[in-house]
Amino acid sequence: MDYEISLLTTMSISVLFALSLNLITGFCGQISLGHATFLGIGAYVTALLGKAGLPFLATLPLSMLLAGAIGAVVGLASLRVRADFLAVTTMGVGFLFVGIIRQQDWLGGELGISGIGGSGLSKTGFMLLALLSTAAVAALCLYIRASWMGRVFNGVAEDEDTMRVLGIDVPRYKLAAFAIGTALAGLAGALYAHHLQFIGPDSFGFVESVTVLSMVVVGGIGSVPGVVIAAALLSALPAWFQFIGDYKLLVYGGLLFLMMRFSPGGMAGLMSRFFNPVQTSAKGER
Amino acid sequence: MLALELVAQGLVQGSIYALIALGLTLVYGLLRILHVAHAALFTLGAYVGVMVYNATGNLPLAFALAMVVAGLAGVATFRLAYQPILSQPPFVALIASIGLYIAAEETFRVVFGASGLSFATPPLQGQVALFGGIQFKTAELMVMLGTALIIAALGWLQTRTRVGVACQATVSDPQMAESFGISLRKVRDINFFVGSALAGFAGVWVALLNNLVEPTMGSVPSYKALAIIVLGGLGSVRGTLAAALVLGVVEAFGTIYLGKLLDRNAIAFAFLILVLMLRPQGLFATR
């Protein structure tokens with residue numbers, strides 16, 4: 001049972017993390033290849049403050065605050081560069097973060113920080129906390145999507161210049177998307193640190209940023225249910241694939257490629273094709 | 001003296017970057033795909049090069065075969081992987097490319113083993129002293145020379161031959177080029193072939209410099225080449241070349257003077273972010 005609880009907690013944190021990127025990349029159309037940085041910031045804040053004696057629940061908002069603040073600063077980059085340039089800039093932020101962590105002894109350096117703990121909850125309790133947070137974030141995403149802000153995000157993703165012409169303060173909304181998305185990533189990071197009780201620079205590198213982006217894209221950019229399903233499946237995949245052992249990553253990479261090649265709309269696209277075959281095939285022919 | 005040595009080191013590294021990134025620029029200029037799997041062709045070239053050299057002892061043949069195999073694999077990648085999803089948003093091609101890269105890296109590991117291959121008797125390992133005492137490996141000098149030659153040849157092809165001009169026309173206005181009777185399909189195939197062959201060429205050089213090819217040798221180029229083409233102002237060949245050399249030198253100096261603060265990647269990307277914030281169109285963008 002312990003194993004299932006732990007797996008469920010991991011999946012739930014992944015879903016929360018993927019939803020936070022979906023807000024930036026899916027809703028607002030701002031691609032990020034460095035999102036693991038904010039998972040890392042959240043994790044390091046809670047770990048260091050926890051070691052300093054602050055109770056777990058008090059560190060959560062601080063994790064979110066710092067991640068969101070730095071996220072807003074990175075968001076400033078999205079006002080300066082777009083699309084592929086933004087992708088590479090955010091990737092750079094990720095490498096910068098890991099590079100700094102690696103060389104700072106007070107942040108644990110290469111070795112990372114171990115023995116993080118003391119959330120004060122049982123394993124089941126912690127799992128429930130993770131699931132509840134994730135459910136709350138999913139609800140928040142659905143709420144934002146339907147709100148005025150969500151509509152503006154959608155407009156920015158579709159056609160930024162038109163939104164500007166309409167008199168919308170585009171920079172403000174972009175920064176809002178970055179701040180909210182990265183703060184939520186910080187929350188995911190805090191949960192992550194307390195779940196694994198060990199963090200190091202390698203836990204927040206380029207690979208993690210790419211993994212979370214692939215969860216969002218495989219789910220179907222912008223679709224909340226799609227991203228939830230994709231993140232849950234992809235995070236559990238390595239555990240389920242234990243039996244193919246050595247070929248785990250090969251299968252993972254292959255699946256990622258085949259999914260994009262044959263269903264570019266991701267799982268959301270697959271689902272709508274399944275439930276609504278006529279309409280989508282007609283769209284495809286256009 | 002140290003400064004001169006660092007510049008030399010940076011230029012050697014920069015030449016390798018340039019070879020890899022140039023191929024990527026050719027592809028990017030045409031299709032606007034962030035082609036991460038380009039680095040897999042670099043690894044493929046390195047494996048072919050080492051195996052051919054170990055079997056025949058003929059270095060030019062090793063280079064030629066590595067370039068041809070990488071080039072053909074590049075064309076196959078384009079036709080099977082990218083062509084069908086060209087109309088999709090750029091995220092899709094990016095993730096497909098990342099998936100392809102992971103799968104390729106793992107295939108190398110499964111087929112050739114995790115510990116990699118090396119040359120039985122590595123060629124071009126002699127030492128030469130130049131400019132009053134800076135030591136170079138013969139291979140290091142050759143890689144700079146080779147890069148210069150390849151780039152000169154590429155420049156000549158692009159500006160002086162019909163095929164090259166057709167490629168340029170397609171980059172600047174695909175529809176217009178097509179209406180003048182240029183076959184888009186052919187131009188794309190040629191660009192993928194040439195770009196991937198360059199990656200294969202670079203792969204063999206890296207194999208020579210390190211005397212080792214391993215499945216993961218493409219992981220650093222996979223992202224750093226992206227950084228370089230962005231730094232050079234996406235799609236510009238001259239910009240890419242300059243950016244690669246500048247980045248090589250910046251990294252060489254950075255690791256000496258900032259090594260306590262940041263690691264090599266972080267230095268490269270700190271430089272990239274700084275440049276992009278000051279010049280969002282890249283260092284040498286013409287447009």
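Order of the sequence lines sets the chain letters (A, B, ...), proteins ahead of strands, with each chain counted from 1. Atoms considered below: every heavy atom in the structure, side chains included; atoms not considered: hydrogens, waters and symmetry mates.
- When each of A:Phe95, A:Phe257, A:Phe206 is scored by its heavy-atom pairs under 4.5 Å with chain B, the top score falls to A:Phe95.
- Chain B forms more heavy-atom pairs under 4.5 Å with one residue of A:Gly265, A:Ser214, A:Gly253 than with any other, namely A:Gly253.
- Between B:Glu251 and B:Lys224, at least one side-chain N (NZ, or NE/NH1/NH2) sits under 4.0 Å from a carboxylate O, which counts as a salt bridge.
- One finds a salt bridge joining A:Lys174 and A:Glu160 here, because a Lys/Arg side-chain nitrogen approaches an Asp/Glu carboxylate oxygen to under 4.0 Å.
- When heavy atoms are compared at a cutoff of 4.5 Å, B:Leu278 approaches chain A solely by way of its backbone atoms N, CA, C and O.
- Within the 4.5 angstrom heavy-atom criterion, no atom of B:Arg264 approaches chain A.
- More than 12 heavy atoms of other residues, nucleotides or ligands sit less than 6.0 Å from atom CZ of A:Arg164.
- Of the listed residues (A:Ile100, A:Val81, A:Asp84, A:Leu96), the greatest number of heavy-atom pairs within a distance under 4.5 Å of chain B belongs to A:Asp84.
- Aromatic ring centres of B:His35 and B:Phe78: separated by at least 6.0 Å.
- For the pair A:Thr90/A:His35, no side-chain contact is recorded, criterion being any heavy-atom separation below 4.5 Å from C-beta on.
- In terms of heavy-atom pairs under 4.5 angstrom with chain B, the leader among A:Leu255, A:Val98, A:Ile221 is A:Ile221.
- Ranked by heavy-atom pairs under 4.5 Å with chain A, the first of B:Ser87, B:Ala268, B:Ala81, B:Ala93 is B:Ala81.
- Put simply, the residue from B:Leu80, B:Ile95, B:Thr77 that forms a side-chain contact (heavy atoms from CB on, under 4.5 Å) with B:Leu100 is B:Thr77.
- Taking A:Leu256, A:Val93, A:Leu250, A:Val218 one by one and counting their heavy-atom pairs under 4.5 Å with chain B, the maximum is reached by A:Leu250.
- Heavy-atom distances place the side chain of A:Val217, and not its backbone, under 4.5 Å from chain B.
- In plain terms, the two heavy atoms of A:Ser78 and A:Gly75 that are nearest each other are OG-O, 2.6 Å.
- Salt bridge B:Arg79/B:Asp189: present, at least one basic N to carboxylate O contact under 4.0 Å.
- Of the residues considered (A:Met259, A:Gln103, A:Gln104), A:Gln103 shows the highest number of contacts with chain B, using heavy-atom pairs under 4.5 Å.
- Within the 4.5 angstrom heavy-atom criterion, no atom of A:Phe97 approaches chain B.
- Your options are B:Leu94, B:Leu262, B:Thr107, B:Val110, and the one with the most heavy-atom pairs under 4.5 Å with chain A is B:Leu262.
- A:Arg80 touches chain B through backbone and side chain together, each having a heavy atom under 4.5 Å away.
- The cationic group of A:Arg145 lies under 6.0 Å from the six-membered ring centre of A:Phe27 and within 45° of the ring axis, placing it in a cation-pi geometry.
- The two atoms that bring B:Val213 and B:Val50 nearest to each other are CG1-CG2, 3.8 Å, heavy atoms only.
- Counted by atom type alone, B:Ser196 and B:His38 present zero donor-acceptor pairs between their side chains at under 3.5 Å.
- For chain A, the option among B:Tyr82, B:Tyr101, B:Tyr223 with the highest count of heavy-atom pairs below 4.5 Å is B:Tyr223.
- Residue B:Leu226 touches chain A through both its backbone and its side chain, counting heavy-atom pairs closer than 4.5 Å.
- Contact of A:Val251 with chain B is not made at all, since no heavy-atom distance falls under 4.5 Å.
- If you measure heavy-atom distances from B:Leu34 to chain A, the contacts under 4.5 Å come from the side chain alone.
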